[in-house]
Amino acid sequence: MPALSRRKFLLSSGAAVLAAVSGPAHAAMGPTDKFDLVIKGGDVIDPSQSLRGKRDIGIRWGVVEAIETDIPAERALRSIDAAGRLVMPGLIDLHSHVYPYGSAIGIPPDELVQFQGTTTVVSAGDAGVNNIAALRRFIVAQSRARIYAFVHIANNGLSAFPVAELYNIDNAQVDACAMALAENPDFLLGVKVRMSENVIFKHGLEPLKRGIKACELCGWPARMMVHIGGVETAELMSQILDLLRPGDVLTHAYSGAPNIGGAFTNIVQGGKLLPAALAAKQRGVLFDVGHGGGSFDYTVAEVAIPGGCAPDTISSDIHVFSGNTPGMPFLPNVMGKFLAMGFSLEQVVSMATSAPAKIIGRTPKLGTLQVGAPADLAIVDLVEGPVTFVDTRGNKRDGKLQLKPVQTVVNGVPFGRPYQSPFSVR
């Protein structure tokens with residue numbers, strides 16, 4: 001191939017690649033241009049822009065193109081009738097387990113998450129450095145759900161579950177973990193460590209210290225996600241809290257799980273909030289619910305929240321075991337529990353959309369319905385009537401509202417089968 005034509009070929013190929021990466025050029029719509037999809041007549045709630053009211057949402061090329069009081073039907077190639085329903089940004093689950101085949105607990109994301117209104121999920125330590133590439137290549141790359149991850153400080157992640165990954169502290173390789181972070185800054189959020197006694201045995205703060213060291217070595221501001229519940233001693237719980245940095249995430253924050261000896265060593269002890277927990281919250285440590293099958297206790301939350309440790313994010317910790325527990329930790333159901341605890345709908349939606357979006361910080365305008373944002377939406381029924389919620393320790397609380405997912409839109413495309421209801425897609 002002559003040099004000139006080869007140069008032209010390379011230039012044209014480079015331009016094509018750039019166009020594919022950056023997506024279609026965003027041009028202003030003309031008066032006769034049509035939206036690819038219009039969500040009609042829904043009660044839109046978007047805490048990121050203090051928006052609540054009846055609106056039509058016009059979507060084009062996978063992004064939110066317009067939010068208006070009325071978009072004429074003839075402007076839509078397809079439409080969804082959302083009248084009488086809530087329309088909110090697609091839910092973001094900061095703590096989930098979506099690595100099937102890579103661990104014993106992972107759920108295929110496209111078989112579950114979109115049917116609960118979730119458009120973005122975070123894999124909470126399913127993979128360590130030894131299998132993070134497989135998570136990215138075989139699960140993330142082939143899923144419609146948007147997926148990010150915390151890499152486990154243990155090289156093998158949760159692949160050996162239910163065998164504890166950190167009984168052998170040699171599994172926690174700092175340099176290898178830092179390398180994984182350095183190589184995947186667009187995908188990884190930081191490092192996950194489970195600090196329960198039945199996971200780390202008698203290693204004390206060492207697993208957490210190694211995770212923090214990996215974050216510090218990687219070259220970008222990686223966060224820790226620290227799992228608590230059944231910590232070895234009361235003293236160790238306070239030491240864990242003291243070590244966390246602003247922006248680190250304390251997950252299972254309201255766990256009431258006991259340690260191996262049956263002692264309750266979490267952030268509420270003897271009916272009182274630990275001073276170290278309040279100090280952590282005040283310096284910017286983020287409190288995440290991480291409900292799961294054993295990690296949310298009303299009696300802990302009802303002390304911690306009035307004491308100054310309200311949640312920053314609501315997450316499910318959904319996996320193949322927790323999804324079959326009486327607590328039903330599907331994200332909309334967990335959100336309903338916080339409605340019953342007195343949080344407003346706007347607060348609850350914020351804690352499952354814009355708040356986790358800030359922690360992720362990888363996709364512009366994630367967790368919002370602002371014009372130009374990815375067209376990720378959840379259409380939900382707000383069902384009024386008596387409901388009883390159960391935590392993971394058998395405690396029950398009554399509520400008056402439930403969130404029932406109806407349809408999820410991912411990157412501008414309705415996900416999954418149509419639902420048989422007054423809802424329609426045409």
Side-chain angles (χ1 to χ4, degrees), residues 23-92 114-120 144 146 332 335 344-350 352-354 357 363-384 401-426:
H26 190 79
M29 291 188 72
T32 60
D33 291 339
K34 293 183 181 290
F35 296 98
D36 299 323
L37 177 66
V38 173
I39 314 297
K40 289 286 295 180
D43 182 9
V44 175
I45 177 169
D46 182 3
S48 75
Q49 48 186 332
S50 300
L51 175 60
R52 178 74 187 272
K54 186 177 178 181
R55 297 287 192 281
D56 290 353
I57 300 176
I59 296 167
R60 185 175 69 147
W61 296 344
V63 302
V64 176
E65 183 73 32
I67 300 182
E68 300 176 5
T69 54
D70 180 62
I71 296 175
E74 60 270 18
R75 296 289 308 277
L77 295 175
R78 299 179 73 196
S79 65
I80 294 176
D81 180 6
R85 294 192 159 102
L86 293 176
V87 179
M88 60 186 69
L91 302 180
I92 300 173
Q114 282 82 5
F115 297 106
Q116 57 174 347
T118 314
T119 55
T120 300
R144 282 187 58 190
R146 185 179 288 105
M335 294 165 70
S344 70
L345 181 62
E346 285 78 7
Q347 288 174 313
V348 166
V349 172
S350 176
T353 57
S354 56
T363 301
K365 295 189 175 182
L366 195 63
T368 180
L369 296 176
Q370 295 176 26
V371 171
D376 293 353
L377 301 93
I379 302 173
V380 177
D381 277 335
L382 183 64
V383 180
E384 298 185 13
L401 295 170
Q402 295 184 75
L403 294 170
K404 297 278 190 176
V406 175
Q407 180 70 60
T408 308
V409 176
V410 184
N411 284 321
V413 180
F415 186 89
R417 62 189 183 279
Y419 283 74
Q420 300 303 312
S421 69
F423 165 85
S424 64
V425 178
R426 66 173 178 82

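Predicted, not measured: the structure shown is a model, and the values here were computed from it. Starting from 1, each residue takes its place in the sequence as its number.
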Residue pair L345 / L86, side-chain heavy-atom distance below 4.5 Å: yes

I would like to know whether E65 and V38 meet side-chain contact (heavy atoms from CB on, under 4.5 Å); could you show each step before the answer? CA-CA 10 Å; E65 183 73 32; V38 173; over 6 Å; no

Quick one: closest heavy-atom pair of P405 and P332, and the distance? CG-CG, 3.6 Å

I'd like to know if R85 and D381 make a salt bridge, using a cut-off of under 4.0 Å between side-chain N and carboxylate O. yes

On a heavy-atom basis, the closest approach of D56 and G41 is OD1-N, 2.8 Å

In Å, rounded to the nearest 0.5 Å, how long is the span from CE of M29 to NZ of K34? 9.5 Å

Would you compute the distance between atom OG of S79 and atom CD1 of I57 and round it to the nearest 0.5 angstrom? 13.0 Å

Please find the pair of heavy atoms, one from F35 and one from I71, that lie closest to each other, and give the distance. CE1-CG2, 3.6 Å

Rounded to the nearest 0.5 Å, the CZ atom of F415 sits from the OG1 atom of T118 at a distance of 11.0 Å

Closer than 3.5 angstrom, by distance alone: can the side chain of R75 be matched with the main-chain N or O of D33 as a donor-acceptor pair? yes

Is any side-chain heavy atom of K54 closer than 4.5 Å to one of T69? no

With a 4.5 Å heavy-atom cut-off, do K365 and D376 have their side chains touching? no

Minimal non-hydrogen separation, I379 against A82, with atom names: CG2-CB, 4.3 Å

Let me know which of V410, I92, T363, T353 forms a side-chain contact (heavy atoms from CB on, under 4.5 Å) with T120. I92

With a 4.5 Å heavy-atom cut-off, do E384 and L401 have their side chains touching? yes

CA sep, side-chain torsions, deciding dist, call: L369, R55, side-chain contact (heavy atoms from CB on, under 4.5 Å): CA-CA 11 Å; L369 296 176; R55 297 287 192 281; over 6 Å; no

To the nearest 0.5 angstrom, please state how far the CG atom of D36 sits from the CG atom of L77. 6.0 Å

The test is side-chain contact (heavy atoms from CB on, under 4.5 Å); show your working for I67 and L51 and say whether it passes. CA-CA 10 Å; I67 300 182; L51 175 60; 4.3 Å; yes

Any chance you could lay out the side-chain contact (heavy atoms from CB on, under 4.5 Å) test for T368 and V64, step after step, and finish with the verdict? CA-CA 10 Å; T368 180; V64 176; over 6 Å; no

Rounded to the nearest 0.5 Å, what separates atom CG in L37 from atom CD1 in I39? 4.0 Å

Is any NZ, NE, NH1 or NH2 atom of the basic residue among D81 and K40 found under 4.0 Å from an Asp or Glu carboxylate oxygen of the other? no

Supply the atom-to-atom distance L91 CG to Q114 CD, rounded to the nearest 0.5 angstrom. 11.0 Å

The residue among V406, L377, V409 that forms side-chain contact (heavy atoms from CB on, under 4.5 Å) with I80 is V409

Heavy-atom closest pair, residues K404 and V383: CG-CG2, 3.5 Å

Heavy-atom closest contact (S48 atom, D46 atom, distance): OG-OD1, 2.7 Å

Donor on one side chain, acceptor on other, N411 and R146, under 3.5 Å: yes

